[in-house]
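As structure tokens, the structure follows; a few thoughts come after it.
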Amino acid sequence: MKYIFLSAGLALSLTAYAQSPANRKATPDTLRTQTLDAVSVEGRRMPITESLPDVKGTYLLAGKRNEIIAVTNLDANIAQKSARQVLARIPGLFVYDMDGTGNQLNISTRGLDSHRSWELNIRQNGVITNSDMYGYPASHYSPPMESIERIELVRGTASLQYGAQFGGMINYTTKRADTTRRFGFESINAAGSFGLLSTYNAIGGRTGKLTYYAYYYRRGQNGYRQNNRSDSEAQFVSLDYQATPRLKLTAELGRSMYRAQVPGPLTDAQFAQDPRQSTRARNYFSPDIYVPSLRLNWQLSDRTKLSATVSAVLGTRNSVLIDAFATVLDTVNRQTGQYRNRQVDQDQFNSYTAEVRLLHQYTVLGIPATMAVGVQGMNNDLHRQQLGVGTTGTDYDMTLVRPFVRDLHYYTRNIAGFAESQFHLTPRFTVSPGIRVENGQTDMRGTIAYYDPTNLPRDIAHRFALLGITGQYRLSPTVHVYGGWSQAYRPVVFKDIVPSSTYERVANNLLDAHGYNLEAGINGYWSGLHANVSVYELLYRNRLGMIVGADADGTAYALRTNIGDSRSRGVEALLEADLLRTGRVRLSAFTSTAYLDARYINGRVANGSENASVVGNKVESAPTWTTRNGLTIRYRTVSLTTQYSYVSSSFSDALNTPTPTANGARGPVPGYGLLDINATWSIGRHVTVRGSLSNATNTQYFTKRPTMYPGPGVWPSDGRNGTITVGLRL
């Protein structure tokens, strides 16, 4: 970074000094004015991944592994929301890249499930966006990456403060207004392969005590595969009112909507033949989500601050599709001349959250301490209507020919209290014990046409305490070691207790999954080098799945129940370094590499008509090696980044099926390597041009064989594609 200081001010000061009466007397014959040359001061600032401070707002973060990704400073494919590029510096991140449309980020860490990132506590500006924490914790809310300033990820040892999620918390911080101006404008427009066109337009500024920011976004793309059209839009408005120097009120409303034509799963043979082909032309998926919130931040005193938030996640998740294996063709009936009727499903989210937090600095027995306490209440109603019989048409049409077979409500009332304190035992050594107490219940009510009504009422209690402790020791101002242990849990969600057919039953004694995160590492900044290396263990008990049961008369049935426990162990390493700096040229590199050993330590699952042990088997979608490596060269205002990513093979099922099944639903997921090239050119202060070439070698690959939506089988990821983005800021 360069700062150019003109010498005008300095020259005026020297002139005034020389012309003062005292100096006129001292040097009457030598008085002169001299203008100095411009001074160029160059500061060395590495494009490193930063860490959150020990205290941020009303949160305590000392001793916890975390990363900050400054999105606006990246050479990355922002327009397509490429997670492997945007989040490349988060080691061990698993990216479920199923369609390339850029509608959702499907990510996880440490062997957890990546489906719509639902093992994470997902937030925007600190506001929860998970659709329903207890019924369907996926986040269907999906803001454009153009709107994001930075991304914060805190691993699972921070779960006591944010929630109870094994994966920890990820927070998307949106761009804010330039408070030095009354009005500012930004426009970012992109065009790319497969008909990609997107536009993001934002305004913001400050007038008096009010700061405002708002954007409108639209995007369309045909997709890499046949029948893979996607259209999306998003809006957002934020109002900050600084009532007093110590009190600020914030009101925000975000909305995201997209409609995706879903091309259907493939078999392995179809993938080998042509990964761009489609097995479905009439499948559609469309969530439309609103996230309103009100926040209060109040600095009660120099040592005490209060934050209060009320928010909601409201909207729908709709789909109309032929839900079947890839081997089941969707063809016109010769007798009727029409397609078969499609399945219509609809979720309605009504999730409300209120949270009050207090941060207080105090002293106990002469030891300085910082305490964070709070309470979080949730009141959710997930209304799920499924298996409706839709039309025989080909477009997006939610019309019903026959009513829903399943019409259910999933009600949750939950209140959680939490407390954590940082004790500064020495100026360098900090210990932070904490506790979270959950007290609530989920009640399922409604009807399933094919199921005995007496078996439907389901009441699941969530009453337990979670404990944790973390520690941090600063070896120097820029280097510290950290570590901790924290308990976590995942509630029994909707899909776990709803039988999919008359041949399925659900155990009456289902238990919430629970376990812990344990980690230790070192994070430091040296001259030209940043390193963050850690080891961890994640224990996940009471995993849910399917086993085979039998009645007294020998009649077999499939039973949804807790099937066993798993343990993940591994190493996560991030290294970033300045390799060369000569004049205006700078060369830097990074490697983000993780080793993962995620295995079942006990359990059994259904294998045909029998149950098979899975002890020692690898956990699904948990590759042993994940590494992303980048090299960046900068010359003045131009930068070019090449990134190579490698993900080793994994399995799609707990049985670790070695050979793909004929329908593609089970089997290994082969390892793959990808090359991405991104460049950025800043033209003056107002214009930025970005170019992206993703998957430059046109590797044909897939990342997962899903067991639920969008359907079991092979889902090819995108081949080679390019994007050009132009940004204008006024």
Side-chain angles (χ1 to χ4, degrees), residues 49-56 59-68 89-93 109-112 119-121 152-170 367-372 418-436 465-489 514-526 529-540 567-575 592-598:
T49 305
E50 298 180 61
S51 298
L52 290 163
D54 292 351
V55 178
K56 180 179 183 291
Y59 292 92
L60 305 179
L61 299 163
K64 302 165 176 64
R65 172 145 196 167
N66 61 80
E67 290 93 2
I68 302 175
R89 287 172 171 81
I90 297 178
L93 189 80
T109 59
R110 301 180 176 179
L112 298 171
E119 295 279 10
L120 289 160
N121 186 295
E152 303 165 351
L153 176 63
V154 184
R155 301 303 172 113
T157 50
S159 63
L160 301 182
Q161 294 181 65
Y162 292 99
Q165 287 68 36
F166 279 93
M169 184 280 304
I170 188 166
I367 299 173
T370 305
M371 175 180 61
F418 49 91
E420 185 168 340
S421 279
Q422 285 182 2
F423 295 101
H424 304 279
L425 302 181
T426 74
R428 295 189 176 192
F429 185 36
T430 301
V431 174
S432 306
I435 184 172
R436 182 182 185 90
L466 302 172
L467 302 175
I469 185 170
T470 59
Q472 176 177 288
Y473 184 81
R474 290 201 172 275
L475 301 173
S476 74
T478 59
V479 181
H480 68 270
V481 293
Y482 60 89
W485 171 86
S486 183
Q487 293 178 305
Y489 94 106
H514 69 88
Y516 62 77
N517 277 277
L518 175 67
E519 66 185 11
I522 182 170
N523 185 27
Y525 300 84
W526 295 266
L529 174 67
H530 170 222
N532 192 347
V533 182
S534 63
V535 296
Y536 67 88
E537 178 178 279
L538 188 154
L539 181 66
Y540 201 112
R567 178 186 286 120
S568 300
R569 290 172 171 165
V571 181
E572 299 165 333
L574 171 66
L575 299 175
S592 173
T593 301
Y595 168 78
L596 168 64
D597 182 25

* Please name all residues satisfying side-chain contact (heavy atoms from CB on, under 4.5 Å) with L467, sequence neighbours left out, ordered by chain then number. =>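 If we apply the side-chain contact (heavy atoms from CB on, under 4.5 Å) test to L467, skipping adjacent residues, the hits are I435, W485, Q487.
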
Are [X] and [Y] packed together at the side-chain level, in the sense that at least one heavy-atom pair is separated by less than 4.5 angstrom?
{"X": "T470", "Y": "E420", "answer": "yes"}
{"X": "L153", "Y": "L120", "answer": "yes"}
{"X": "S568", "Y": "L596", "answer": "yes"}
{"X": "N523", "Y": "V479", "answer": "no"}
{"X": "K64", "Y": "M169", "answer": "no"}
{"X": "Q161", "Y": "V154", "answer": "no"}
{"X": "E119", "Y": "Y540", "answer": "yes"}

Test: salt bridge (charged side-chain N to carboxylate O under 4.0 Å, His left out). Region: residues 467-479. Which pairs qualify, not counting sequence neighbours?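 Pairs touching residues 467-479 that pass the test: D54-R474.
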
| message | Tell me which pairs pass salt bridge (charged side-chain N to carboxylate O under 4.0 Å, His left out) where either residue lies in residues 155-164, with sequence neighbours left out. | response |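 As it turns out, the salt bridge (charged side-chain N to carboxylate O under 4.0 Å, His left out) pairs with a partner in residues 155-164, which skip direct neighbours, are E67-R155, R155-E572.
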
Rounded to the nearest 0.5 Å, how far apart are [atom1] of [X] and [atom2] of [Y]?
{"X": "I90", "Y": "T49", "atom1": "CD1", "atom2": "OG1", "value": "8.0 Å"}
{"X": "E50", "Y": "R89", "atom1": "CD", "atom2": "CZ", "value": "12.0 Å"}
{"X": "S592", "Y": "L93", "atom1": "OG", "atom2": "CG", "value": "8.0 Å"}
{"X": "N66", "Y": "N532", "atom1": "CG", "atom2": "CG", "value": "8.0 Å"}
{"X": "L112", "Y": "L538", "atom1": "CG", "atom2": "CG", "value": "5.5 Å"}
{"X": "F166", "Y": "L539", "atom1": "CZ", "atom2": "CG", "value": "7.5 Å"}

Query raised in the report: Backbone N or O of F423 within a donor-acceptor pair of the S421 side chain at under 3.5 Å?
Result: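 Side chain of S421 to backbone of F423, a donor-acceptor pair under 3.5 Å: no, none is there.
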
- Sub-3.5 Å donor-acceptor pair from the side chain of Q422 to the main-chain atoms of T430, do we have one?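 No, because the side chain of Q422 does not come within donor-acceptor range (under 3.5 Å) of the backbone of T430.
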
Considering all heavy atoms, the nearest [X]-[Y] contact:
{"X": "L61", "Y": "K56", "value": "CD1-CB, 4.0 Å"}
{"X": "Y536", "Y": "V571", "value": "CE2-N, 3.9 Å"}
{"X": "G156", "Y": "N517", "value": "CA-ND2, 3.6 Å"}
{"X": "Q472", "Y": "A62", "value": "OE1-CA, 3.6 Å"}
{"X": "A488", "Y": "A164", "value": "CB-O, 3.3 Å"}

- Task: With side chain to side chain contact (heavy atoms under 4.5 Å, CB included) as the test, would you mind laying out the steps for I170 and N121 before giving the verdict?
- Result: CA-CA 6 Å; I170 188 166; N121 186 295; over 6 Å; no

For [X], which residues count as a ring-ring contact (aromatic ring centres under 6.0 Å, His included) partner, sequence neighbours excluded?
{"X": "Y525", "answer": "H530"}
{"X": "H480", "answer": "Y482"}
{"X": "Y595", "answer": "W625"}

